[in-house]
Amino acid sequence: MLVLIYSLMKKEISNWLDELKKIVGEKSFFTRQEQMLDYSHDEFPGTEIAQLPLAVVKPVNTRQVSDILKWANKSKIPVTPRGGGTGLCGGCIPAPGGIVLSLEEMNRILEIDRQNRMAVVEAGVRLRDFYEAVEKENLFFPPHPGDESAAIGGVIATNAGGARAVKYGVVRNFVKGIEVVLPDGEIVQLGGKLLKNSSGYSLLHLMTGSEGTLGIVTKAILNLLPPPQAQLTLIAPFENLENAVGVVPALGKAGILPMAVEFIEVETIKVAEDFLNKKWPCREGRAHLMIILDGSGEDEVLAAAGRIDALCREFGARQVFVADTPKKQKEVLEIRSKIYETIKKYVVEILDIVLPPAEIPAHVERVRQLSREYGMWLPTFGHAADGNVHTLPLRAHYIDGRWQEIPDSEWKAIYPRVRQALHDDAASRGGLVSGEHGIGLLKKEYLEDAVGRNVVDKMRLIKKAFDPNHILNPGKIF
Ligand SMILES: Cc1cc2nc3c(=O)[nH]c(=O)nc-3n(C[C@H](O)[C@H](O)[C@H](O)COP(=O)(O)OP(=O)(O)OC[C@H]3O[C@@H](n4cnc5c(N)ncnc54)[C@H](O)[C@@H]3O)c2cc1C
């Protein structure tokens with residue numbers, strides 16, 4: 001009997017997949033394992049959450065996306081949208097028995113409207129191509145999440161942040177309009193080339209950050225700015241993180257708003273230096289602040305740099321290194337942005353806790369306490385001025401230039417306690433579970449504690465209203 005049910009189900013699925021193939025055409029339809037492996041995971045290092053889909057489809061226009069969702073809604077087959085696959089919490093991993101809808105073939109930059117300072121793009125445009133096109137028009141798109149392979153649809157769906165958020169805000173601040181396909185296949189246009197919009201509930205902002213669970217973004221209208229005319233990177237070494245982070249409110253009081261303020265501990269820089277065979281410009285102290293300044297001219301950024309230098313010295317920095325040429329700035333940024341890559345092999349998870357900025361030192365002190373208590377290295381760095389702290393628990397120690405792995409049975413026994421303690425500490429300081437990566441699959445268990453059960457219940461009602469059959473990226477967020 002079971003065999004009969006199984007073979008009937010298999011036949012039905014195969015019929016459904018034939019229908020799907022007809023929608024996108026043979027060239028955009030993939031079912032062989034080796035074609036789908038890359039679509040079974042994102043950039044989260046653990047393989048335990050990977051999941052092969054039934055099929056991967058790559059529609060080329062909005063009409064096809066709509067037809068796919070109508071098909072999925074009818075056949076009740078889960079659909080997971082995917083952009084660049086650079087997410088860090090399993091958001092684009094397909095649901096069991098579902099398909100992946102990759103936007104990668106919808107990658108046209110449709111318009112850069114200089115008069116309104118708006119770009120109109122398809123959702124599959126990669127950030128690196130977008131920055132290039134925008135720069136060519138002498139304009140500027142400030143949000144800069146660390147991996148430029150991310151796609152516009154993905155950065156909208158996660159409401160990505162990045163280092164420049166402190167001055168310019170997150171992706172949500174720049175999304176002015178979207179075309180979105182709802183789970184039943186309906187195509188809706190939200191917002192437009194508008195800088196102001198108080199026209200009813202903002203479904204645009206609801207879709208932004210909804211992690212592919214309410215609709216599939218197919219096009220976006222993004223606001224652009226005039227580019228800064230000068231840029232300078234400073235590295236300030238401090239004896240401890242408290243002093244380093246203490247500079248941040250002092251900058252605010254002095255009326256200085258840098259483009260980015262990142263904190264990094266020297267132990268972490270050392271691993272990146274060894275791996276990349278590159279030298280970080282400054283060897284002193286135990287915690288460094290990397291401050292990027294931008295402005296309308298050299299005089300303006302130099303004047304701000306002078307004031308920052310004085311403030312950093314007040315907080316105990318002995319000298320402040322200045323990367324004043326594009327080459328030096330690139331070197332520093334490369335080391336900073338490749339930290340994750342250098343330790344990825346041993347990373348258990350990338351935490352994305354966000355705190356009131358003044359709480360960072362106390363939270364990082366708690367991270368250190370837990371590291372000592374459990375004997376687990378917990379490198380921590382992040383966006384000092386916007387309170388977003390990334391702790392990357394490691395299942396190895398880096399000693400005298402070599403990795404020493406902790407046996408699986410040991411780190412697996414302690415990690416849940418470390419993780420819980422870190423989230424408890426964040427909650428006790430008014431923090432939340434995710435500042436920029438989203439909840440995805442991996443942070444679900446902390447959402448309710450962080451925002452409250454009643455709030456998650458309201459989120460569930462919204463999900464039900466948009467997606468009563470639960471076909472769009474099910475199992476994510478809650
Ligand atoms: C080295 C590195 C550094 C990073 N640094 C940062 C950083 O500084 N700041 C930051 O915010 N993030 C950072 N990230 C995380 C990641 O780049 C962002 O979360 C990014 O926004 C994901 O975009 P993506 O296109 O790769 O999305 P995916 O990983 O493909 O998908 C992410 C989520 O969006 C949904 N989705 C994708 N496309 C669509 C669409 N068209 N419509 C609806 N839903 C969609 C997916 O279903 C999934 O839930 C970093 C990642 C790496 C690997």
I'd like to know if the side chain of [X] reaches the main chain of [Y], judged simply by a donor and an acceptor atom lying under 3.5 Å from each other, with no hydrogens or angles considered.
X	Y	result
R429	P356	no
K219	Q189	no
H383	E262	no
Q231	M259	no
Q404	H397	no
N243	G316	no
T218	E179	yes
E349	P393	no
K476	I93	yes
S66	T62	no

Item to check | Stepwise salt bridge (charged side-chain N to carboxylate O under 4.0 Å, His left out) test for R164 and D294 | outcome: CA-CA 10 Å; R164 298 171 184 168; D294 70 344; over 6 Å; no

For [X], which residues count as a side-chain hydrogen bond (donor to acceptor under 3.5 Å, both in side chains) partner, sequence neighbours excluded?
X	result
E122	R108
E405	R395
D449	none
K344	E43

Can you tell if the side chain of [X] reaches within under 4.5 Å of the side chain of [Y], non-hydrogen atoms only?
X	Y	value
P143	V155	no
V332	P281	yes
T268	L392	no
L127	I152	yes
V171	T158	no
T80	Y39	no
P59	L101	yes
I264	R336	yes

Tell me the closest heavy-atom pair linking [X] and [Y], and the distance in Å.
X	Y	value
D42	G90	OD2-N, 2.7 Å
P145	A160	CG-CB, 3.8 Å
P78	A95	CB-CB, 3.9 Å

Item to check | Chi angles and distances behind the side chain to side chain contact (heavy atoms under 4.5 Å, CB included) call for N107, R126 | outcome: CA-CA 7 Å; N107 56 11; R126 303 278 177 159; over 6 Å; no

Out of curiosity, [X] [atom1] to [Y] [atom2], how far, rounded to the nearest 0.5 Å?
X	Y	atom1	atom2	answer
H41	Q51	NE2	CD	13.0 Å
I235	W280	CD1	CH2	4.0 Å
C89	I49	SG	CD1	8.5 Å
N159	N173	CG	CG	7.5 Å
L224	L139	CG	CG	5.5 Å
K443	L432	NZ	CG	13.5 Å

Acceptor/donor pairs from residues 373-382 side chains to any protein atom, 3.5 angstrom cut, sequence neighbours excluded:
| from | atom 1 | to | atom 2 | distance (Å) |
| --- | --- | --- | --- | --- |
| T380 | OG1 | L378 | O | 2.9 |
| T380 | OG1 | T391 | OG1 | 3.1 |

Checklist entry - So, are E267 and K270 salt-bridged, with charged N and O less than 4.0 Å apart? => result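 Judged by the 4.0 Å cut-off on N to carboxylate O distance, E267 and K270 do not form a salt bridge.
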
Item to check | Qualifying ring-ring contact (aromatic ring centres under 6.0 Å, His included) pairs, either residue in residues 157-194, two or more places apart | outcome: F140-Y168, F141-F174

Checklist entry - Got a sec, which pairs hit salt bridge (Lys or Arg N to Asp or Glu O under 4.0 Å) with one end in residues 406-415, sequence neighbours left out? => result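 Output for this query is empty, none listed.
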
Short side-chain donor-acceptor distance under 3.5 Å, [Y] and [X]:
X	Y	value
Q369	R372	no
D184	N73	no
Y398	D274	yes

Item to check | Full working for side-chain hydrogen bond (donor to acceptor under 3.5 Å, both in side chains) between N473 and T213 | outcome: CA-CA 5 Å; N473 212 7; T213 62; over 6 Å; no

Suppose we screen for side chain to side chain contact (heavy atoms under 4.5 Å, CB included). Which residues come up paired with [X], at least two apart in sequence or across chains?
X	value
V456	L447, E448, V451, R460, F478
A384	V248, V261, F263, L289
E105	K58, V60
Y446	R419, Q420, H423, V433

Item to check | Full working for side chain to side chain contact (heavy atoms under 4.5 Å, CB included) between N388 and D352 | outcome: CA-CA 7 Å; N388 196 187; D352 180 35; 3.1 Å; yes

Next on the checklist: So, using ring pair (Phe, Tyr, Trp, His ring centres under 6.0 Å) as the criterion, who are the partners of Y131 when residues are at least two apart?
Outcome noted: H144

Checklist entry - L422 and V367: side chain to side chain contact (heavy atoms under 4.5 Å, CB included), yes or no, with the steps? => result CA-CA 7 Å; L422 286 168; V367 175; 3.6 Å; yes

Checklist entry - Given K176 and L195, is the side chain to side chain contact (heavy atoms under 4.5 Å, CB included) satisfied, shown in steps? => result CA-CA 7 Å; K176 298 301 170 192; L195 288 169; 4.3 Å; yes

Checklist entry - Could you walk me through whether E359 and R366 pass the salt bridge (charged side-chain N to carboxylate O under 4.0 Å, His left out) check? => result CA-CA 11 Å; E359 295 292 334; R366 178 72 179 130; over 6 Å; no

